[in-house]
Amino acid sequence: MNKIATHSFLILFLAVLSCKSHLPVTSYNPYQYTIQKSFTGSNGAVVSAHPLASKVGVEILKQGGNAVDAAIAVQLVLAVVYPGAGNLGGGGFMIAHLQDGSDIAIDYREKAPGAAHRDMYLDKEGNPVMQLSRRGHLSAGVPGTVAGLFASMKYAALPFEKLVQPAIDLAEYGFVITEAEAGGLNHIRPDLERYNSSKIAFLKPNEWKKGDTLIQADLAETLKRIRDKGQKGFYEGETARLIVAEMKKANGIISEEDLKNYTAKERKPVIFNYKGYTLVSMSLPSSGGIILKQCLKMIEDKSIGKMGFQSANAVQLMVEAERRAYADRAEYMGDADFVRVPVDTLLSDHYIRKRMEDYVPGKAGSSEQTKAGILPKESEETTHLSVADQWGNVVAVTTTLNDGYGSRTVAGGAGFLLNDEMDDFSAKPGVPNMYGALGTEANAIAPGKRMLSSMTPTIVLKDGSPYIVVGTPGGTTIPTSLFQSIVNVIDFNLSAENAVNKPKFHHQWLPDEVFVEEGFPQSVSDSLSSMGYTVTRRSSIGRTELIKIEKSKDGKLVLEAVADKRGDDAAEGY
Ligand code: DON
């Protein structure tokens, strides 16, 4: 039998099986699919890190689900088909703008376990042991994703059973993996062997290769428990028991109580105006929305559009804004449920204007001189998905295990990877985390506290209606990528595709360097160097998923979805 015939046979076989199980005969084939990078249509659009996830999202929209339904189903599928960042064992943030005009922010960031303490990653001499916060059992925060999905259900139209079924089917009957996924799994093999004593689906006797089928039976059972018991199917009972049993195998500290007590929270999003557009972005415990507002406001009066896209002057202006915003992030930001963060001041026009008083066009600033602002006393793997439906609901979700495949530790018997999000805390003031981010007391570890994030799911409204739905992974490069994507569209009039795919740059105060991605014009790097900047080339920055929404002359929606060229990202719609 040739390959195609084998696949057809397999689909037929599964369809027969589906009489007994719930496997639907789907419009997509998990054993044979291609990656579509852009889509334009008028009924609905989904863009995510994996083609199967985007396709499921569109299926849900076609079945009458709204953008929130689709976002929930896409996250669940990503937890199966994109184990490097899609997750049940991590956390994330959702930003939505709904048909009725409301703006929603849901925080399902992981929390430090109850037994966590400030110095838990320091050795006897007080030096951080990075390995402990980045790999293995102790690096995991209490997962938030499942609570986040159920908090999102408040805005969904379809029953959860329907939204979770595609993920169950893909876990149970498998799907073929891409070349990138095979490479990812092979790359982390030594860690998987080191941190797991149970039998796990991600390890097999030989190397993974493109086209191999990944079946995740334990994960399917976990998803069924969540389907049948709701949030309790994860935070209590068998799944909770398996997580805690895994913790006990090594030095993990997540307890049954920690799991039972976890709650997702609705937050007030950061909402602001930039050149007549309204931006809705994530608030603390993500620094993303604050950094994005600070950066955009710092350049708003400087006619950047006239400087030209990626002209040295435009890049320099943006870099100087980024430097100042990141100095504030390091000094002031943390979980506002635990520490007082002067958010109102950091976001005030007066403060932001003052921050740029020492900006000199054409001359590199210095992070040694540019500290965090003085405040008046006052009272690589995360994943993003964007969804738009025909009714005007839009959703932006960024979700993560922290870096690729998180702690590399699977909750044995439950089939999902646990995060290593504890590394996003500041293990010790002045010591950078894996993204080079610094922090102070504001982001020190405390039981039950959420670690500071950079994730920035964002919606831009034009005349009150959704215009851009955007976000990306990339650690500390997330807010600066968002800054660029938005300025690229609004100020430089770039197409959605160029706004996403053109090379990006990044500055984060310390280290005092401008990082530029492969393909960033050499002439611009040279100009920046001659202004006094240290310019460092680095690997790719982010994987931006963007939907641009306009109306045609006859009033029809025109949804243009663009999936980043940097990965397996795929845009689908109808
Ligand atoms: O929350 C954060 O800021 C990080 N844990 C995100 C990590 C990330 O984006 C890694 N992806 N490349």
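Whatever order the structure lists ligands and atoms in, that order sets their numbers, starting from 1. This chain uses plain numbering: 1 for the first residue, then up along the sequence. Keep in mind that the numbers below use all heavy atoms, side chains included, and drop hydrogens, waters and symmetry copies.
- Residue contacts with ligand 1, taken as heavy atom pairs separated by less than 4.0 Å, involve T382 via backbone and side-chain atoms alike.
- Below 4.0 Å from some heavy atom of E381 lie the following atoms of ligand 1, by number and element: 10 (C), 11 (N), 12 (N).
- Classified by interplanar angle (parallel below 30°, tilted 30° to 60°, perpendicular above 60°), the ring pair Y235/Y262 is parallel.
- Near S454, the atoms of ligand 1 lying under 4.0 angstrom from a non-hydrogen atom of the residue are 1 (O), 2 (C), 3 (O).
- Under 4.0 Å from ligand 1, not a single heavy atom of T476 appears.
- Annotation for ligand 1: atoms under 4.0 Å from non-hydrogen atoms of G474 are 8 (C), 9 (O), 11 (N), 12 (N).
- Here the two rings, on F93 and H384, have centers that are 6.0 Å apart or farther.
- In terms of modelled atom types and a separation under 3.5 Å, the side chain of Y155 and the main chain of I104 share no donor-acceptor contact.
- The nearest pair of heavy atoms linking S367 to L510 is CB-CD2, 3.7 Å.
- Annotation: E193, atom CD; neighbour count of heavy atoms from other residues, nucleotides and ligands within 6.0 Å is above 12.
- Here R109 has side-chain heavy atoms under 4.0 Å from ligand 1, and that is the only part of it that gets that close.
- For Y332, the ring-ring contact (aromatic ring centres under 6.0 Å, His included) criterion is met by no residue, not counting sequence neighbours.
- Heavy-atom contacts from other residues, nucleotides or ligands closer than 6.0 Å to NZ of K249 number more than 12.
- Residues passing the ring-ring contact (aromatic ring centres under 6.0 Å, His included) test with F150, sequence neighbours excluded: F160.
- At least one N/O-N/O distance between G475 and ligand 1 falls below 3.5 Å.
- An N or O contact shorter than 3.5 Å is missing between T400 and ligand 1 by distance.
- Numbered from 1 in the order shown, with element, the atoms of ligand 1 that lie under 4.0 Å from a heavy atom of I478 read 9 (O).
- Ligand 1 does not have M451 within reach: every non-hydrogen atom of the residue lies 4.0 Å or more from it.
- The ligand atoms of ligand 1 that sit less than 4.0 angstrom from a heavy atom of Y435 are 7 (C), 8 (C), 10 (C).
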